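Here the structure is a predicted model, which is why all the values come from computation and not from measurement. When a residue number appears, it is its place in the shown sequence, counting from 1.
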Amino acid sequence: MFRTLVKAVPGLVLLLGVAACSGEGAGPPGAEQAAEKFYSAVQAGDYAQACSMLAPATLEDSQQAEGGGEQPCIDKLAAVSLASPGMPVTSQAFGRNAQVVFEADTVFLTLSNGTWKVMAAGCTPRGERPYSCLIEGD
(Lines give C-alpha, C1' and ligand atoms only; values in the text may rest on other atoms or scores of the structure.)
Protein backbone atom coordinates (compact mmCIF):
# COMPACT_ATOMS: atom_id res chain seq x y z
CA MET A 1 0.00 0.00 0.00
CA PHE A 2 2.82 2.39 0.90
CA ARG A 3 4.47 1.80 -2.50
CA THR A 4 1.20 2.60 -4.30
CA LEU A 5 0.90 5.85 -2.33
CA VAL A 6 4.52 6.81 -3.09
CA LYS A 7 3.93 6.16 -6.80
CA ALA A 8 0.77 8.33 -6.78
CA VAL A 9 2.35 11.35 -5.04
CA PRO A 10 4.38 12.65 -8.04
CA GLY A 11 1.30 12.49 -10.25
CA LEU A 12 -0.79 14.28 -7.65
CA VAL A 13 1.87 16.98 -7.20
CA LEU A 14 2.01 17.48 -10.99
CA LEU A 15 -1.79 17.64 -11.21
CA LEU A 16 -2.01 20.22 -8.41
CA GLY A 17 0.76 22.29 -9.99
CA VAL A 18 -0.99 22.33 -13.36
CA ALA A 19 -4.31 23.23 -11.74
CA ALA A 20 -2.71 26.07 -9.79
CA CYS A 21 -1.04 27.49 -12.89
CA SER A 22 -3.93 27.11 -15.30
CA GLY A 23 -6.63 29.01 -13.43
CA GLU A 24 -7.58 32.63 -13.90
CA GLY A 25 -5.90 33.61 -10.66
CA ALA A 26 -7.31 35.33 -7.63
CA GLY A 27 -9.26 38.50 -7.49
CA PRO A 28 -12.84 39.38 -8.13
CA PRO A 29 -13.85 39.60 -10.87
CA GLY A 30 -11.84 37.03 -12.78
CA ALA A 31 -9.65 38.12 -15.68
CA GLU A 32 -12.06 36.80 -18.32
CA GLN A 33 -15.01 38.55 -16.68
CA ALA A 34 -13.05 41.81 -16.43
CA ALA A 35 -12.14 41.66 -20.13
CA GLU A 36 -15.77 40.96 -21.05
CA LYS A 37 -16.97 43.83 -18.82
CA PHE A 38 -14.43 46.18 -20.46
CA TYR A 39 -15.70 45.29 -23.92
CA SER A 40 -19.34 45.55 -22.80
CA ALA A 41 -18.66 49.10 -21.63
CA VAL A 42 -16.88 49.96 -24.90
CA GLN A 43 -19.67 48.47 -27.04
CA ALA A 44 -22.29 50.38 -25.00
CA GLY A 45 -20.35 53.64 -25.49
CA ASP A 46 -19.69 53.89 -21.73
CA TYR A 47 -16.10 55.01 -22.21
CA ALA A 48 -15.88 56.45 -18.69
CA GLN A 49 -16.56 52.95 -17.30
CA ALA A 50 -14.09 51.39 -19.76
CA CYS A 51 -11.41 53.94 -18.78
CA SER A 52 -11.92 53.06 -15.10
CA MET A 53 -11.03 49.48 -15.98
CA LEU A 54 -7.63 50.33 -17.48
CA ALA A 55 -4.38 49.65 -15.63
CA PRO A 56 -2.70 52.85 -14.36
CA ALA A 57 0.05 52.88 -17.02
CA THR A 58 -2.49 52.17 -19.78
CA LEU A 59 -4.80 54.89 -18.52
CA GLU A 60 -1.90 57.36 -18.42
CA ASP A 61 -0.82 56.36 -21.91
CA SER A 62 -4.38 56.68 -23.22
CA GLN A 63 -4.50 60.25 -21.89
CA GLN A 64 -1.61 61.29 -24.16
CA ALA A 65 -2.43 62.52 -27.66
CA GLU A 66 -0.04 61.62 -30.45
CA GLY A 67 0.64 65.32 -31.07
CA GLY A 68 2.01 65.70 -27.55
CA GLY A 69 -1.07 67.34 -26.02
CA GLU A 70 -3.60 65.83 -23.65
CA GLN A 71 -6.49 63.78 -24.96
CA PRO A 72 -8.93 62.35 -22.44
CA CYS A 73 -9.16 58.58 -22.25
CA ILE A 74 -12.83 58.75 -23.19
CA ASP A 75 -12.06 60.48 -26.49
CA LYS A 76 -9.22 58.08 -27.23
CA LEU A 77 -11.38 54.98 -26.69
CA ALA A 78 -14.14 56.46 -28.85
CA ALA A 79 -11.65 57.24 -31.62
CA VAL A 80 -10.00 53.80 -31.61
CA SER A 81 -13.24 51.99 -32.49
CA LEU A 82 -12.54 48.68 -30.82
CA ALA A 83 -14.56 46.03 -32.65
CA SER A 84 -16.52 43.34 -30.86
CA PRO A 85 -14.04 40.69 -29.69
CA GLY A 86 -16.46 37.79 -30.12
CA MET A 87 -16.68 34.98 -27.60
CA PRO A 88 -13.85 34.16 -25.17
CA VAL A 89 -11.74 31.22 -26.35
CA THR A 90 -9.16 30.85 -23.56
CA SER A 91 -7.92 32.71 -20.52
CA GLN A 92 -4.75 32.15 -18.54
CA ALA A 93 -3.23 33.84 -15.52
CA PHE A 94 0.51 34.09 -14.99
CA GLY A 95 0.98 35.37 -11.45
CA ARG A 96 -0.41 38.92 -11.43
CA ASN A 97 -0.88 39.05 -15.22
CA ALA A 98 -3.44 37.41 -17.46
CA GLN A 99 -4.23 36.92 -21.13
CA VAL A 100 -7.77 36.48 -22.43
CA VAL A 101 -8.07 35.33 -26.03
CA PHE A 102 -11.36 36.07 -27.76
CA GLU A 103 -12.41 34.97 -31.25
CA ALA A 104 -11.29 38.31 -32.75
CA ASP A 105 -9.08 39.91 -30.09
CA THR A 106 -6.62 39.32 -27.28
CA VAL A 107 -6.69 41.30 -24.03
CA PHE A 108 -3.86 41.51 -21.48
CA LEU A 109 -4.66 42.29 -17.86
CA THR A 110 -2.86 42.85 -14.57
CA LEU A 111 -4.04 42.41 -11.01
CA SER A 112 -4.06 45.83 -9.31
CA ASN A 113 -5.32 46.22 -5.74
CA GLY A 114 -7.23 42.94 -6.00
CA THR A 115 -8.97 43.85 -9.28
CA TRP A 116 -8.10 42.80 -12.82
CA LYS A 117 -7.27 45.88 -14.93
CA VAL A 118 -6.81 45.99 -18.71
CA MET A 119 -3.19 46.61 -19.77
CA ALA A 120 -3.77 46.15 -23.51
CA ALA A 121 -6.78 45.56 -25.76
CA GLY A 122 -7.45 45.30 -29.46
CA CYS A 123 -4.38 43.09 -29.74
CA THR A 124 -3.50 40.88 -32.68
CA PRO A 125 -0.60 38.41 -32.82
CA ARG A 126 2.31 39.05 -35.19
CA GLY A 127 4.08 35.72 -35.22
CA GLU A 128 7.32 35.87 -33.26
CA ARG A 129 7.05 39.63 -32.72
CA PRO A 130 5.06 41.21 -29.85
CA TYR A 131 1.32 41.68 -30.25
CA SER A 132 0.10 44.83 -31.99
CA CYS A 133 -2.43 46.54 -29.68
CA LEU A 134 -4.75 49.48 -30.27
CA ILE A 135 -4.86 50.32 -26.54
CA GLU A 136 -1.75 49.72 -24.44
CA GLY A 137 0.45 51.22 -21.77
CA ASP A 138 4.18 51.31 -21.23
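- Between atom CH2 of residue Trp116 and atom CG of residue Leu109 there is a gap of 7.0 Å, rounded to the nearest 0.5 Å.
- Sequence neighbours left out, the pairs with a member in residues 100-114 that pass side chain to side chain donor-acceptor pair (under 3.5 Å) are Tyr39-Asp105, Asn97-Thr110.
- The side-chain heavy atoms of Ser52 and Gln49, taken from C-beta on, include a pair separated by under 4.5 Å.
- Side-chain contact between Cys51 and Ile74 is present, with heavy atoms from C-beta onward closer than 4.5 Å.
- Pairing each heavy atom of Ala34 with each of Met53, the nearest pair is O-CE, 3.3 Å.
- Contact of the Phe38 side chain with the Leu54 side chain is registered, since non-hydrogen atoms from C-beta on lie closer than 4.5 Å.
- Two residues are said to be in side-chain contact when any heavy atoms from C-beta on lie closer than 4.5 Å; Ile135 and Val80 meet this criterion.
- The shortest heavy-atom contact between Ala50 and Val42 is CB-CG2, 3.7 Å.
- Nearest approach of Gly122 to Leu82, heavy atoms of both residues: CA-CD2, 3.8 Å.
- Members clustered with Phe108: Met119, Tyr131, by chain and number, using a 4.5 Å side-chain heavy-atom cutoff among hydrophobic residues.
- For the pair Thr58 and Val118, the minimum side-chain heavy-atom distance is 4.5 Å or more.
- The shortest heavy-atom contact between Ala120 and Cys133 is CB-SG, 3.8 Å.
- Under the 4.5 Å side-chain criterion, counting only non-hydrogen atoms from C-beta, Val107 is in contact with Phe102.
- Applying the side-chain contact (heavy atoms from CB on, under 4.5 Å) rule to Arg126 yields the partners Arg129, Pro130, Ser132; only residues at least two apart in sequence or on another chain are considered.
- Counting heavy atoms from C-beta outward, Ser91 and Gln99 have side chains that stay 4.5 Å or more apart.
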